[in-house]
Novice: 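This is the structure I want to talk about, given as structure tokens.
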Amino acid sequence: MKNVAIIGGGIAGPVTALALRKAGMDATVYEAYPTGADGAGGSLALAPNGMAALEIVGVAGAVRAAAQPSTRSVMTLANRTRLELPSPAGVGPLHTVRRADLYRALRDEAVRQGVRVEYGRRLTGVEGDTAVFGDGSRARFDVLVGADGVHSTVRRLIDPDAPGPKWTGMLGLEGVSSYEVPEDPETTVFAFGRRGYYLYWRNAAGGSTWGVNLPYHRPLSLAQAREVPREEWMRVLRETYGEDVPGGDLIRHTPVTSMQVTGALYIMPSVPRWHRDRMVLVGDAAHAPSNSSGQGASLSIESAVQLARCLRDIEDVPRAFATYERLRRSRVEKVAARASKANHAKTPGPVMQKLMPLLMPLLLKTFMDPDKTVGPEQRYRIDWDAPVGALS
């Protein structure tokens, strides 16, 4: 394969290019937007399995330097109940990193290794073995990888009847507050407030970062959300979280210029077809669990590395794709199913709001054993050097 075209320069795209390069193959990343993602996006958590996959492509050190480790998790319910969330034993911390810093680390390493990244190249179609872009340019490929997110164009090219993303009923917003919460910087607090879910942590450099999953009456694209004045969003946030502790203080001490809306929150239903001919999906284009999973970015990184292993070891491209899907589908769909259950709790009705302080401690003691739930997810490691066997 001399020409691997990767559509999408977010997270999965550059990781795929780096993993292919490690496997001895070159790829070009085509990004729809005219510039990189510096300054864009909120924060995300990389699980230990995601960091292990980044080690394979040589980016974990740079990401670790830009991230803040989280070794402890706490849940609060309706300003009254505070619960320590148990962690699986011996897996290491989560790493919270701004999405823009993760983009930058991936892009810088890709450029350093000689990966070509072309901006302003929005895919509009495929003609045989040629990708067609909105600016009229074209690029021939031996393999085309769709790393173009939940609104994937490549997914529709593979299967015109493929399902699209499902809106969760919430918008994502994030900000940095001068209010300093009384937690150590390695503690993340997941708070179920009176009207909405939010999370926060104290920054090692001072102040606190918060993020909200704001219940909203309709989905908004990122462009639509950013057309709303920030002052209006701050008013909505004060109205929704103003009575919460410390949610109200976090919002009230946030300069309007440090608040950003990250857009509607989506999950992907099961995608029936991950590949066709010489086109294949990776990352959120194929699987995007709820952010309740804590695994979205990590699973995308894993899938990028596994796809490269399969293309490295299996000469027949359709078999390589089938093997890649066999390695990934069961894992990502189990994570998605777990997260889907947790996601319903973010928008509880009046009755459930009253019951949660009573039910959650019991659930933590019985059904939410981390060594049986998130433990296997976080202990997962890809053996890069092991040869991949093709499906018969």
Side-chain angles (χ1 to χ4, degrees), residues 6 8-18 29 31-47 49-51 53-54 57 59-70 93-111 117 119 147-152 165 168 170-176 188 198-201 203-205 208-214 220-223 225-226 257-268 282-285 287-304 339:
I6 299 173
I11 295 173
V15 175
T16 303
L18 287 168
V29 176
E31 168 56 49
Y33 292 99
T35 61
D38 289 3
S43 300
L44 58 85
L46 288 169
N49 51 290
M51 292 298 293
L54 286 179
V57 296
V59 190
V63 172
R64 205 172 280 117
Q68 183 166 311
S70 176
L94 302 177
H95 283 82
T96 303
V97 62
R98 287 185 55 79
R99 189 178 294 268
D101 292 335
L102 177 58
Y103 287 153
R104 188 178 303 111
L106 293 171
R107 179 201 61 200
D108 289 353
E109 183 61 23
V111 171
V117 181
Y119 295 99
D148 48 347
V150 294
H151 300 291
S152 172
T168 62
M170 294 175 284
L171 303 179
L173 297 96
E174 185 173 303
V176 178
T188 301
Y198 65 105
L199 74 164
Y200 59 89
W201 61 90
N203 299 324
S208 305
T209 297
W210 54 264
V212 305
N213 291 175
L214 177 71
L220 296 177
S221 69
L222 186 56
R226 289 181 175 175
T257 53
S258 79
M259 187 280 301
Q260 63 174 320
V261 57
T262 56
L265 301 176
Y266 292 96
I267 58 175
M268 276 303 302
V282 70
D284 285 354
H287 51 76
S290 159
N291 60 353
S292 303
S293 70
Q295 282 283 353
S298 295
L299 292 179
S300 291
I301 293 163
E302 286 180 0
S303 289

Novice: Between Ser298 (side chain only) and Ala47 (backbone N and O only), is there a donor and an acceptor less than 3.5 Å apart?
Specialist: yes

Novice: Kindly write out the residues that satisfy side-chain hydrogen bond (donor to acceptor under 3.5 Å, both in side chains) with Ser208, not counting sequence neighbours, or none if the list is empty.
Specialist: none

Novice: CD1/Ile6 to OG1/Thr16 distance, rounded to the nearest 0.5 angstrom?
Specialist: 5.0 Å

Novice: Is there a donor-acceptor contact under 3.5 Å from the side chain of Thr168 to the main chain of Leu265?
Specialist: yes

Novice: Does the distance from a Lys or Arg side-chain N to an Asp or Glu carboxylate O, for Glu174 and Arg98, drop under 4.0 Å?
Specialist: yes

Novice: Can you tell me how far the CD atom of Glu302 sits from the CG atom of Leu299, to the nearest 0.5 Å?
Specialist: 5.5 Å

Novice: What closest approach, in Å, do Ser303 and Val282 show between heavy atoms, and which atom pair accounts for it?
Specialist: C-CG2, 3.7 Å

Novice: Just to verify, what does His95 make a ring-ring contact (aromatic ring centres under 6.0 Å, His included) with, not counting sequence neighbours?
Specialist: none

Novice: Quick one: does Ile11's side chain get under 4.5 Å of Tyr103's, heavy atoms only?
Specialist: yes

Novice: Do you see a donor-acceptor pair shorter than 3.5 Å between the side chains of Ser43 and Thr96?
Specialist: no

Novice: Check step by step if side-chain contact (heavy atoms from CB on, under 4.5 Å) holds for Gln295 and Asn49.
Specialist: CA-CA 9 Å; Gln295 282 283 353; Asn49 51 290; 2.9 Å; yes

Novice: Can you give me the closest heavy-atom contact between Ala105 and Ala62, atom names plus distance?
Specialist: CB-CB, 4.1 Å

Novice: Taking the side chain as C-beta and beyond, is there a heavy-atom pair between Arg64 and Val97 under 4.5 Å?
Specialist: no

Novice: Please round to the nearest 0.5 Å and tell me the distance separating atom CE of Met268 and atom CG of Asp284.
Specialist: 9.0 Å

Novice: As an exercise, state the distance from CZ of Arg99 to OG1 of Thr262, rounded to the nearest 0.5 Å.
Specialist: 8.0 Å

Novice: Run the numbers on Glu31 and Arg107 for salt bridge (charged side-chain N to carboxylate O under 4.0 Å, His left out), then give the verdict.
Specialist: CA-CA 12 Å; Glu31 168 56 49; Arg107 179 201 61 200; over 6 Å; no

Novice: State, to 0.1 Å, how close Ser70 and Thr188 come at their nearest heavy-atom pair, and which atoms those are.
Specialist: OG-OG1, 2.9 Å

Novice: For residues Ala304 and Ala12, report the shortest heavy-atom separation together with the two atoms involved.
Specialist: CB-O, 3.8 Å

Novice: Quick check for you: to the nearest 0.5 Å, what is the distance between Leu173 atom CG and Trp210 atom CH2?
Specialist: 6.0 Å

Novice: How far apart are the C-alpha atoms of Arg226 and Val261, what are their side-chain angles, what is the distance that settles it, and do they pass the side-chain contact (heavy atoms from CB on, under 4.5 Å) test?
Specialist: CA-CA 7 Å; Arg226 289 181 175 175; Val261 57; 3.8 Å; yes

Novice: Could you tell me whether a side-chain N or O of Ser300 sits under 3.5 Å from a main-chain N or O of Gly296, the two making a donor and an acceptor?
Specialist: yes

Novice: Does Val63 form a side-chain contact (heavy atoms from CB on, under 4.5 Å) with Leu102? I'd like the steps, not just the answer.
Specialist: CA-CA 6 Å; Val63 172; Leu102 177 58; 3.7 Å; yes

Novice: Can you see which heavy atom on Ala53 is nearest to which on Ile301, and at what distance?
Specialist: CB-CG2, 3.5 Å

Novice: As an exercise, state the distance from CG of Leu171 to CG of Leu214, rounded to the nearest 0.5 Å.
Specialist: 5.5 Å

Novice: Please find the pair of heavy atoms, one from Gly10 and one from Leu106, that lie closest to each other, and give the distance.
Specialist: O-CD1, 4.2 Å

Novice: With side-chain contact (heavy atoms from CB on, under 4.5 Å) as the test, would you mind laying out the steps for Asn213 and Asn291 before giving the verdict?
Specialist: CA-CA 10 Å; Asn213 291 175; Asn291 60 353; 3.6 Å; yes

